[in-house]
Amino acid sequence: MATTSRQPGATRTGGEQNGSVGRMISEITTDAQHLVRQEVELAKAEVRQEVGRAGKAAGMFGGAGFAGYMVAFFLSLALMFGLANVLDAGWAGLITAGLWAIVGAALFIAGRARMRRLSATPKQTVETLKEDARWARHPTA
């Protein structure tokens, strides 16, 4: 005769075995859902961090652009007036514009290099997902 008690050594009925299997599946499903939620939160946090870095880089571009504009304006005037004492004013303006074209190109190249260093891939999330997959394949290892 099978008993329904949960004491050690007591035999289980088929319904109890199904119940424990069902409970295990429920726990596994709950754990998997919890793990997926954690991974999504980690991915969100990493993306927010990268967006913050991109925003700071963009702010630096803006600030550098404005400061550069002001400096370029006044230095351009000084250079043009200085060269106008030696050359025709038209040539002085053309030389000044050429110099600022070189400076602008150098700033563009530096800004582009900084933007390329940003990563849109949530690296930490990818690593933890790989670890989770390894664990899922070999949970006792």
Members sharing V40's hydrophobic cluster, built from side-chain contacts under 4.5 Å between Ile, Leu, Val, Met, Phe, Trp and Tyr, are V36

Any chain of hydrophobic side-chain contacts (each under 4.5 Å) joining I109 to V103?
no

Any chain of hydrophobic side-chain contacts (each under 4.5 Å) joining M70 to F73?
yes

For the hydrophobic clusters of this structure (ILVMFWY residues joined by side-chain heavy atoms under 4.5 Å, transitively), does one cluster hold both W100 and L107?
yes

When every non-hydrogen atom of K123 is compared with those of E46, the smallest separation belongs to N-OE2, 3.1 Å

With sequence neighbours excluded, what pairs up with L79 under the side-chain contact (heavy atoms from CB on, under 4.5 Å) test?
L83, T96, L99

If two hydrophobic side chains count as joined below 4.5 Å and joins carry through other members, does L129 share a cluster with V47?
no

Specify the closest pair of heavy atoms between A92 and A84, including all atoms of both residues, with the distance to one decimal.
CB-N, 3.8 Å

Between CD1 of I28 and CG of L35, what distance do you get to the nearest 0.5 Å?
13.0 Å

Run the side-chain contact (heavy atoms from CB on, under 4.5 Å) test against L118 and tell me which residues pass, sequence neighbours left out.
E50, R53, A54, M115

Within 6.0 Å of CD in Q124, more than 12 heavy atoms from elsewhere
no

Do I95 and I102 belong together in a cluster built from hydrophobic side chains that touch within less than 4.5 Å?
no

In the structure I gave you, are the side-chain heavy atoms of E39 and L42 within less than 4.5 Å of one another anywhere?
yes

The reported gap from OG1 in T125 to CD in Q38 (rounded to nearest 0.5 angstrom) is 11.5 Å

